[in-house]
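As C-alpha cells, the structure follows; a few thoughts come after it.
Residue numbers start at 1 and run along the sequence shown. Whatever order the structure lists ligands and atoms in, that order sets their numbers, starting from 1.
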Amino acid sequence: MRINDSKIAARLGELDVELVPGTRLADLTSLGIGGTTDLLRIRRHESIPDLLNLLDANHVQHKFLGGGSNLLVGDGELPWVVLQLVPPEPGVILEGNFARVDAAADLGRTVTFCAKHDLGGMEGLIGVPGTVGGALRMNAGAYGMQIGAYVRAVKLYRAADHKIEILQGNQISFEYRHTSFAPDDMMLAVTLELPSKPYKEILQGIRICNEKRRSSQPLGQKSAGCIFKNPPGASAGRMIDDLGLKGLSVGDARVSDRHANFFVNAGKASARDMLKLIADVRERVKKAYGVTLENEVVVWNG
Ligand code: EPU
C-alpha cells in the first residue's frame, strides 16, 4: 500500500515518523520472503496514538513489524503499511537486578549486555534472532527457559484503548509460545528482573546453548525458526523427520535437512511456495498421526 497523499506525508514528518516508500519486506525478514509496501519508522513512542489515529482516519491498514525473524509475509503489492520502531540508544538501562529494555532492542545483544553486568537467566535465548518485543509477544523460549518468567512490567500501545499503558507482570499470562496480549497491542518496552550470576558462569551456559543450536539447527540458511508449535508431549520436528520429509520442497521452499521443523528458503522461494509446503506437511502429519500442527510462524498474507 502506498501513501501518496502529501498531507498525510507532512503530518508523518511532524510526528517524527520516517516514511520509506516501496520497501521490500523480503529484505526485512529472516526468511527473505515478502512483497512490497510503505514502511513507517517510528522514532518516539509518544507519537504512536496520533500516528494510529491518522492512519485510521485515512483508512490506511497497518501491521507492526518486530525483527522479522518469525514471520512469513505474502507476495506482491501488500494491502497494508508496516510500522516499525527505531531502536533507541541505549536500548537497555540497568538498575540493580532490573533491566529496562526497549522493545526494538536486539534480543541476543540484550542477553549479552546483561550477562556482562552479571545478570543471567536468559542464556537459552542467546541464539534466538529478533527483537525483545517480538520475543515478549510470543513468549520466546529455548533450552528450558522462556522470557515471560523474567517479565515484571510491560509498556505497550493498547490499540483497543488508543493509548500507551503499563501492565504489571502479574496482569499478563505467559504460556508456551503464547501470551495474553491482544493481536494489535504493540510492545514498546519491558522491565525484566534477572538473577545475579557471575559473567563467566553465564558465558559457559551461553556456549553450551550455542553449541546445541549449531549442531541441530540450520543457522546459516534463511528460515523463520520452527514453523510449527510442538504438540503437547511431542516434537513436531521429530514427527516430520520420522515421516521422511526432510528435503521435501515446493519451488525453493524446502524442509531443512538438519531440523525438520525448520523450512528454509533455498533460493527464490515465494510465500505461495512456502504456504503450499506448510499445508502439505500439515496434511501428511495429520494423516499419519491424527494431529493437526499449529503454526508457530506468524503469517501475514492478505
Ligand atoms: N528431532 C529429530 N529430527 C529433527 C528434529 C528434531 O529427530 O529433524 C528430535 C531431536 O533429536 C530431539 C527432539 O526431536 O530428540 C526435539 O528436538 P529439539 O531439541 O531440536 O527441539 P524442538 O522441540 O524441535 C524446540 C523449540 C525450538 C528451540 C529448541 C531448543 C518449538 C516449536 N521449538 O525445538 O524453538 O530452539 O526446542 O530448546 O518449541 C522456535 O521457536 O522457532 C525454535 C526453533
Side-chain angles (χ1 to χ4, degrees), residues 29-33 65-73 106-108 110-111 120-150 174-179 181 187 202 204-249 253-266 274 277-278 280-282 284-286 288-289 291-300:
T29 56
S30 58
L31 257 178
I33 294 176
L65 177 67
S69 57
N70 190 40
L71 184 61
L72 171 55
V73 181
D106 178 79
L107 179 63
T110 301
V111 174
M122 298 202 292
E123 292 84 336
L125 288 179
I126 189 72
V128 176
T131 60
V132 169
L136 182 63
R137 154 166 294 289
M138 288 291 296
N139 190 19
Y143 305 112
M145 62 90 28
Q146 303 185 118
I147 192 168
Y150 302 106
F174 290 99
E175 292 151 49
Y176 167 65
R177 299 295 195 275
H178 181 80
T179 59
F181 297 116
M187 306 295 113
I202 302 174
Q204 197 125 15
I206 285 177
R207 286 208 180 108
I208 293 169
C209 292
N210 272 340
E211 192 41 51
K212 281 191 194 163
R213 203 179 285 281
R214 255 197 302 274
S215 66
S216 64
Q217 300 182 0
L219 300 189
Q221 287 177 280
K222 290 181 186 168
S223 85
C226 285
I227 286 287
F228 300 111
K229 291 183 185 179
N230 284 336
S235 158
R238 178 179 292 165
M239 292 162 94
I240 300 166
D241 191 2
D242 286 349
L243 292 178
L245 300 182
K246 279 182 170 168
L248 183 73
S249 54
R254 183 181 163 91
V255 177
S256 161
D257 295 315
R258 184 162 275 225
H259 193 300
N261 198 10
F262 279 64
F263 293 9
V264 300
N265 172 4
M274 193 55 82
L277 183 63
I278 293 172
D280 186 6
V281 171
R282 181 182 280 121
R284 292 178 193 235
V285 167
K286 170 83 181 157
Y289 302 96
V291 172
T292 304
L293 293 177
E294 242 183 81
N295 279 1
E296 205 263 349
V297 67
V298 175
V299 178
W300 289 355

For residues Asn295 and Arg282, is any side-chain donor paired with an opposing acceptor at under 3.5 Å?
yes
Between Phe262 and Gln217, is a side-chain contact (heavy atoms from CB on, under 4.5 Å) present by the stated rule, with each step listed?
CA-CA 8 Å; Phe262 279 64; Gln217 300 182 0; 3.4 Å; yes
Output yes when Glu294 and Lys229 qualify as a salt bridge under the 4.0 Å nitrogen-oxygen rule, no when they do not.
yes
So if I only count non-hydrogen atoms and take anything under 4.0 Å from ligand 1, which residues does that give, chain by chain?
Ala142, Tyr143, Tyr176, Arg177, Arg213, Gln217, Gly225, Cys226, Phe228, Asn230, Ser235, Gly237, Arg238, Asp241, Lys246, His259, Ala260, Asn261, Phe262, Glu296
What are the two closest non-hydrogen atoms of His259 and Cys226, and how far apart are they?
CE1-SG, 4.4 Å
Within-4.5 Å side-chain heavy-atom neighbours: Asp241 and Leu243
no
The complete set of ring-ring contact (aromatic ring centres under 6.0 Å, His included) pairs with one or both residues in residues 129-148, sequence neighbours excluded, reads none
